[in-house]
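Shown next, in structure tokens, is the structure this report addresses.
Quick note: residue numbers are just sequence positions, from 1. Treat the numbers as computed from the prediction; the structure is a model and nothing was measured.
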Amino acid sequence: MVAGSPELIRVVAPRDAHIEGEWLGRKLRFFPDHEASHATGHEAWYALAGVDVEAAAGPSVVKIAIHHHDSLRESTEAITIHPAHYRTTSITVAPKFVEPGPEEQKQIAAEIEIKKKAYAGTADHPLWTGNFAAPVPAKATDSFGTRRMLNRKLASVHKGMDFRASMGTPVRAGNTGVVVLAQPLYYEGNCVIVDHGLGLMSLYMHFSRIDVKPGQRVAKGDRLGLSGATGRVTGPHLHWAIRWDGAMLDPAKLLRMNLNGLQ
């Protein structure tokens with residue numbers, strides 16, 4: 001397991017159990033897979049989790065507690081996190097996106113609070129259904145986790161996947177969920193965030209046009225807007241990111257996960 005990896009954790013427990021878990025300081029939220037029930041009265045429970053792209057390499061421990069009637073069963077599992085060897089790239093953007101002025105800094109600070117509020121609005125049950133799908137029918141670049149030099153200064157780690165989407169390409173929801181943010185932001189440009197439940201969210205950036213509103217439920221494949229070049233960009237493209245409880249995960253790995261039939 002490397003930094004940036006999404007993970008699916010499976011536990012077999014009684015149907016009427018209550019399961020709690022913790023990993024890397026984050027709460028694990030389990031949901032039952034009723035279709036995988038066992039004749040013994042047990043069934044599979046799952047938690048979709050992950051390791052942040054900037055997580056430190058080294059040992060970690062998953063802690064799980066199964067509450068069933070008056071009994072408590074606790075278990076731990078040691079998991080080693082390995083470093084991910086991401087590239088370093090250099091790009092040139094408008095100076096205001098590297099050294100924003102006082103007014104821009106006020107805007108950025110206000111938007112941090114707006115995003116915090118959006119992230120806090122996650123559903124307490126899974127909204128997604130089955131596998132995730134790419135938001136545009138375009139080629140993705142190998143950009144997740146890349147250390148970016150902006151105007152010759154190390155500015156950030158790239159925490160999403162870029163698609164070479166030409167201006168005006170329809171951008172579609174990667175899975176079922178509820179829109180929790182749909183507005184222009186300083187760095188992200190026209191941005192849409194979709195909550196998929198249990199802390200899992202997908203972020204879509206740099207739209208030329210937004211076609212959804214906060215609170216709107218969307219199905220996998222529904223159009224969210226059109227790709228563009230707003231915000232901190234070098235040209236038209238779509239930036240797609242996956243966030244779980246504050247951890248930024250590799251969208252390419254989520255696309256390869258088999259989530260069919262879990263609900």
Legend entry - Side chains of Arg164 and Thr141 in contact at under 4.5 Å (non-hydrogen atoms): yes

Legend entry - Contact check, side chains of Leu203 and Tyr119, non-hydrogen atoms, under 4.5 Å: yes

Legend entry - Phe132 vs Met257 side-chain heavy atoms within contact, under 4.5 Å: no

Inset, instruction - Verify whether one side chain among Asp16 and His68 offers a donor that lies under 3.5 Å from an acceptor in the other. - result: yes

Inset, instruction - Give every residue pair that meets the salt bridge (Lys or Arg N to Asp or Glu O under 4.0 Å) criterion with at least one member in residues 169-185, sequence neighbours excluded. - result: none

Inset, instruction - Return the minimal non-hydrogen interatomic distance between Ile66 and Ala17, and the atom names on each side. - result: CG2-CB, 4.0 Å

Inset, instruction - Tell me whether Leu48 is reachable from Phe30 by hopping between hydrophobic residues (I, L, V, M, F, W, Y) whose side-chain heavy atoms are closer than 4.5 Å. - result: yes

Legend entry - Under 3.5 Å: donor-acceptor pair, side chain of His237, backbone of Gly235: yes

Legend entry - Candidate pair Leu226 and Thr169, rule side chain to side chain contact (heavy atoms under 4.5 Å, CB included), full reasoning: CA-CA 5 Å; Leu226 303 178; Thr169 300; over 6 Å; no

Legend entry - Of all pairs that satisfy salt bridge (Lys or Arg N to Asp or Glu O under 4.0 Å), the ones with a partner from residues 185-197, not counting sequence neighbours: Lys115-Glu188

Legend entry - Single-linkage hydrophobic cluster, 4.5 Å side-chain cutoff, Leu185 and Val171 together: no

Legend entry - Joint cluster assignment, Leu259 & Val218, ILVMFWY side-chain distance < 4.5 Å: yes

Inset, instruction - Would you sort out whether Trp240 and Phe207 count as a ring-ring contact (aromatic ring centres under 6.0 Å, His included), showing the intermediate values? - result: CA-CA 11 Å; Trp240 187 45; Phe207 285 23; over 10 Å; no

Inset, instruction - Look only at the side chain of Ser227 and the backbone of Leu238, and say whether a donor-acceptor pair between them is shorter than 3.5 Å. - result: no

Legend entry - side chain to side chain contact (heavy atoms under 4.5 Å, CB included) between Val62 and Thr76, intermediate numbers included: CA-CA 5 Å; Val62 174; Thr76 59; over 6 Å; no

Inset, instruction - Side-chain contact test, heavy atoms from C-beta onward, threshold under 4.5 Å: evaluate it for Val53 versus Leu249 and give yes or no. - result: no

Inset, instruction - Please report the closest heavy-atom contact between Cys191 and Met205, naming both atoms and the distance. - result: SG-CG, 4.2 Å

Legend entry - side chain to side chain contact (heavy atoms under 4.5 Å, CB included) between Met1 and Glu7, worked out: CA-CA 9 Å; Met1 185 182 303; Glu7 299 296 335; 3.4 Å; yes

Legend entry - Test item: Glu113 side-chain N/O and Ala110 main-chain N/O as donor-acceptor pair under 3.5 Å: no

Legend entry - Proximity of Phe31 and Trp128 rings by center, below 6.0 Å: yes

Inset, instruction - Provide the full list of salt bridge (Lys or Arg N to Asp or Glu O under 4.0 Å) pairs with a residue in residues 205-220, sequence neighbours left out, each pair given once. - result: Arg209-Asp211, Asp211-Arg223

Inset, instruction - Looking only at non-hydrogen atoms, find the nearest pair between Pro170 and Val136 and report the distance. - result: O-CG1, 3.5 Å

Legend entry - Value rounded to 0.5 Å, distance of NE2 in His67 from CD1 in Ile19: 9.5 Å

Inset, instruction - Run through Val194, Ile193, Ile210 and flag the one making a side chain to side chain contact (heavy atoms under 4.5 Å, CB included) with Leu224. - result: Val194

Inset, instruction - Can you see which heavy atom on Ala55 is nearest to which on Ala3, and at what distance? - result: O-CB, 3.9 Å

Legend entry - Same apolar cluster (I L V M F W Y, side chains within < 4.5 Å links), Val180/Leu198: no

Inset, instruction - Would you check if the side chain of Thr230 reaches a backbone N or O of Asn190 as a donor-acceptor pair within less than 3.5 Å? - result: yes

Inset, instruction - Decide whether a cation-pi geometry holds between Arg232 and Tyr186; the criteria are a distance under 6.0 Å from NZ or CZ to the six-membered ring centre and an angle within 45° of the ring axis. - result: no

Legend entry - No-hydrogen, no-angle side-chain donor-acceptor test under 3.5 Å, Gln107 and Glu111: yes

Legend entry - Minimum-distance pair of heavy atoms, taken over all atoms of Ala65 and Glu74: CB-CG, 4.2 Å

Inset, instruction - Could you tell me whether the side chain of Ser60 reaches within less than 4.5 Å of the side chain of Trp23, counting heavy atoms only? - result: yes

Inset, instruction - Enter the distance from Ser5:OG to Lys253:NZ here, rounded to the nearest 0.5 Å. - result: 3.5 Å

Legend entry - Backbone of Ala219 reached by a side-chain donor or acceptor of Asn175 within 3.5 Å: no

Legend entry - Lys159 and Glu54 ion-paired at < 4.0 Å: yes

Inset, instruction - Check whether the side chains of His196 and Ser202 place a donor and an acceptor atom closer than 3.5 Å, and report yes or no. - result: yes

Inset, instruction - May I ask you to test the Ile242-Leu200 pair for a side-chain heavy-atom distance under 4.5 Å? - result: yes

Inset, instruction - Compare all side-chain heavy atoms of Asp245 with those of Arg29 and state whether any distance is below 4.5 angstrom. - result: yes

Inset, instruction - State, to 0.1 Å, how close Phe144 and Gly4 come at their nearest heavy-atom pair, and which atoms those are. - result: CE2-CA, 4.0 Å

Inset, instruction - Spell out, yes or no, whether Val192 and Ile114 are grouped together once hydrophobic residues are joined by side-chain heavy atoms under 4.5 Å, including indirect joins. - result: no

Inset, instruction - Flag the pair His239 / Met161 as yes when at least one side-chain heavy-atom distance between them is below 4.5 Å, and no otherwise. - result: no

Inset, instruction - Could you go through the side chain to side chain contact (heavy atoms under 4.5 Å, CB included) check for Trp45 and Val12 one step at a time? - result: CA-CA 6 Å; Trp45 295 73; Val12 175; over 6 Å; no

